[in-house]
2 protein chains.
Amino acid sequence: MMNGVTIASKTVGRLSLYRRLLESSIPCGREHVFSHELALLACVTPAQVRRDLMSTGCSGSPGKGYRTKDLIDGISKVLDYPEVQRVALVGVGNLGRAILSYFSGRRPNLRITASFDTDPQKTGRVINGCRCHPMSELTAVLGRESIATAILAVPAARAQETTDLLVASGIHGILNYAPVPLRVPEGVFLEERDMTMSLETVAFFARRAALERK
Amino acid sequence: MMNGVTIASKTVGRLSLYRRLLESSIPCGREHVFSHELALLACVTPAQVRRDLMSTGCSGSPGKGYRTKDLIDGISKVLDYPEVQRVALVGVGNLGRAILSYFSGRRPNLRITASFDTDPQKTGRVINGCRCHPMSELTAVLGRESIATAILAVPAARAQETTDLLVASGIHGILNYAPVPLRVPEGVFLEERDMTMSLETVAFFARRAALERK
DNA sequence: TGAGATTTGTGAACTTCGTCACAGCAATGC
DNA sequence: GCATTGCTGTGACGAAGTTCACAAATCTCA
């Protein structure tokens with residue numbers, strides 16, 4: 001690791017959640033929060049919250065809780081890059097557009113600034129506030145904008161070749177919505193979000209729970 | 001548990017993946033597969049594959065591997081309901097429509113057969129091959145079609161109330177794409193798929209990996 | 001100021017998930 | 001038929017993630 005501190009990937013995800021909750025769901029007047037209040041909002045245990053916050057260096061005081069502002073700043077110091085961190089989206093189909101419209105203007109510090117597609121109908125246009133480039137420009141655009149993070153939403157058949165291209169172009173983190181597992185070299189962080197796997201898992205346990213109830 | 005066998009949720013997800021790979025990526029002539037071949041396709045270790053397959057009851061023979069057909073049947077016996085299992089989608093926005101078009105006609109045994117939305121522009125119409133009902137009909141439709149599984153893709157502000165309604169209407173499994181954690185009673189299986197958390201996690205580790213490389 | 005109530009910070013236990021490594025067995029070659 | 005090869009099935013181990021539980025710290029109120 002670059003600096004001495006390691007931080008678990010699940011913790012990073014929850015920190016992002018805590019920050020959102022602090023910004024949106026804590027009544028404005030409140031200057032302090034307790035771990036059990038955040039826990040309730042985040043649907044985790046208070047111990048989990050405290051454990052996660054340890055890795056930000058924030059500390060609260062017994063009896064009073066954590067200063068809301070300190071938490072937001074502390075979490076941001078861990079999660080945010082000093083400058084804007086740009087993200088690329090590859091594949092501007094139904095899902096790609098949903099992702100674009102979902103993220104547009106959400107966090108000023110983390111922005112999808114470039115998208116790519118093979119379809120000439122789409123390339124050259126601005127879709128959901130984001131310019132769509134042809135795949136041929138991928139390497140150049142990623143380099144120019146120093147993009148290290150990509151969201152992949154292309155058809156299964158194209159997923160691996162696209163990944164290889166992304167990696168060769170300097171991408172170090174991929175969020176994969178294509179329904180195939182990706183092969184990436186060491187040093188590239190990969191998060192798989194296969195909807196089929198998710199749905200089939202939920203369906204399996206739903207069935208089971210429904211049967212149990214009978 | 002209803003029957004004696006417990007099965008880990010991650011294993012269920014991977015079994016679904018193995019089946020897809022067996023159906024699509026194994027050259028038709030091949031009657032047998034080795035665990036290391038499946039492992040390569042699924043991007044996991046051979047030991048993981050064998051471990052997962054244990055819970056299906058399938059067994060292979062040393063030197064020859066697993067019979068492809070046995071595996072597909074064995075996995076299906078675990079994952080599939082004898083009848084069609086119906087799924088509901090709540091929230092037919094950008095993401096909802098992407099989900100619908102993604103799943104339409106994919107697995108005959110697991111089908112999204114009803115969708116719901118508050119927007120009167122959408123209700124009453126068939127969108128991406130799926131009838132969209134007003135929320136007021138939710139309980140009735142889920143009951144009539146005996147639906148126990150739901151995909152949630154509504155705005156954050158509506159997510160918890162919608163969940164409560166789903167649970168009250170007999171849902172036992174929820175796949176949540178709304179960007180808030182849901183509170184569900186025991187006995188309801190919940191899978192959270194918050195895109196913001198995922199993206200922020202990937203961005204964090206991408207940045208870290210990129211810095212390390214310098 | 002001191003007693004009591006409450007919450008933090010964290011070592012230790014526990015749970016879950018994945019990997020190792022090897023005994024045992026089917027197939028093949030000699 | 002015996003030795004060899006190479007893969008399966010699984011007990012044991014290890015890593016990651018979560019919860020427990022309690023000492024130490026702060027606040028409240030008399």
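Because the structure is a prediction, the values reported are computed rather than measured. Reminder, nothing fancy here: chain letters follow the sequence lines and each chain counts from 1.
Remark: R111(A) pairs with no residue by the salt bridge (Lys or Arg N to Asp or Glu O under 4.0 Å) rule, at least two apart or across chains. A search for side chain to side chain donor-acceptor pair (under 3.5 Å) contacts involving K69(A) returns D73(A), not counting sequence neighbours. Residues passing the side chain to side chain donor-acceptor pair (under 3.5 Å) test with Q160(A), sequence neighbours excluded: D164(A). Under the side chain to side chain contact (heavy atoms under 4.5 Å, CB included) criterion, A47(B) pairs with T45(B), R50(B), not counting sequence neighbours. S76(A) meets the side chain to side chain donor-acceptor pair (under 3.5 Å) test with R19(A); sequence neighbours excluded. Every residue meeting the ring pair (Phe, Tyr, Trp, His ring centres under 6.0 Å) condition with F116(B), not counting sequence neighbours, appears here in chain and number order: H133(B).
For the segment residues 65-72 of chain B, the set of residues with a heavy atom within less than 4.0 Å of an atom of DNA chain D comprises G65(B), Y66(B), in numerical order.
Within the structure, the salt bridge (Lys or Arg N to Asp or Glu O under 4.0 Å) test picks out the following pairs touching residues 148-162 of chain B (sequence neighbours left out): R158(B)-E161(B). Pairs engaging residues 169-182 of chain B under the side-chain hydrogen bond (donor to acceptor under 3.5 Å, both in side chains) rule: T139(B)-S169(B), N176(B)-E192(B) [sequence neighbours left out].
Residue S59(A) is classed as a sugar-phosphate contact, given heavy-atom separations below 4.0 Å to backbone atoms only. Within 4.0 Å of T11(A), counting heavy atoms only, lies no atom of the nucleic acid at all.
Nearest heavy atoms, E145(A) versus R86(A): OE1-CD, 3.2 Å.
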When the side chains of residues 93-110 of chain B are checked against the rest of the protein, which donor-acceptor pairs come out under 3.5 Å, sequence neighbours left out?
| unit_1 | atom_1 | unit_2 | atom_2 | d |
| --- | --- | --- | --- | --- |
| N94(B) | ND2 | S101(A) | OG | 3.1 |
| R97(B) | NH1 | V92(B) | O | 3.3 |
| S101(B) | OG | N94(A) | ND2 | 3.1 |
| S101(B) | OG | A98(B) | O | 3.2 |
| Y102(B) | OH | T196(A) | OG1 | 3.0 |
| R106(B) | NE | Y102(B) | O | 2.7 |
| R106(B) | NH2 | Y102(B) | O | 3.4 |
| R107(B) | NH2 | E23(B) | OE2 | 3.4 |

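Between the CZ atom of F34(A) and the P atom of dT6(C) there is a distance of 10 Å, rounded to whole Å. Across the protein-nucleic acid pair, D52(B) atom CG and dC17(C) atom P stand 11 Å apart, rounded to whole Å.
Projected onto DNA chain D by closest heavy-atom contact, H36(B) and S9(A) fall at different nucleotides, the more 5' of which corresponds to H36(B).
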| field | Steps toward side chain to side chain donor-acceptor pair (under 3.5 Å) verdict (S198(A), R193(B)) | value | CA-CA 9 Å; S198(A) 303; R193(B) 281 296 94 136; 2.8 Å; yes

| task | Any chance you could list the contact pattern along nucleotides 19-30 of chain C? Use B for base contacts, S for sugar-phosphate-only contacts and - for none, protein heavy atoms under 4.0 Å, 5' to 3'. | result | B-B--BBSS---

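Read 5' to 3', the first and last nucleotides of DNA chain D with an atom closer than 4.0 Å to a heavy atom of chain A are dG17(D) to dC27(D).
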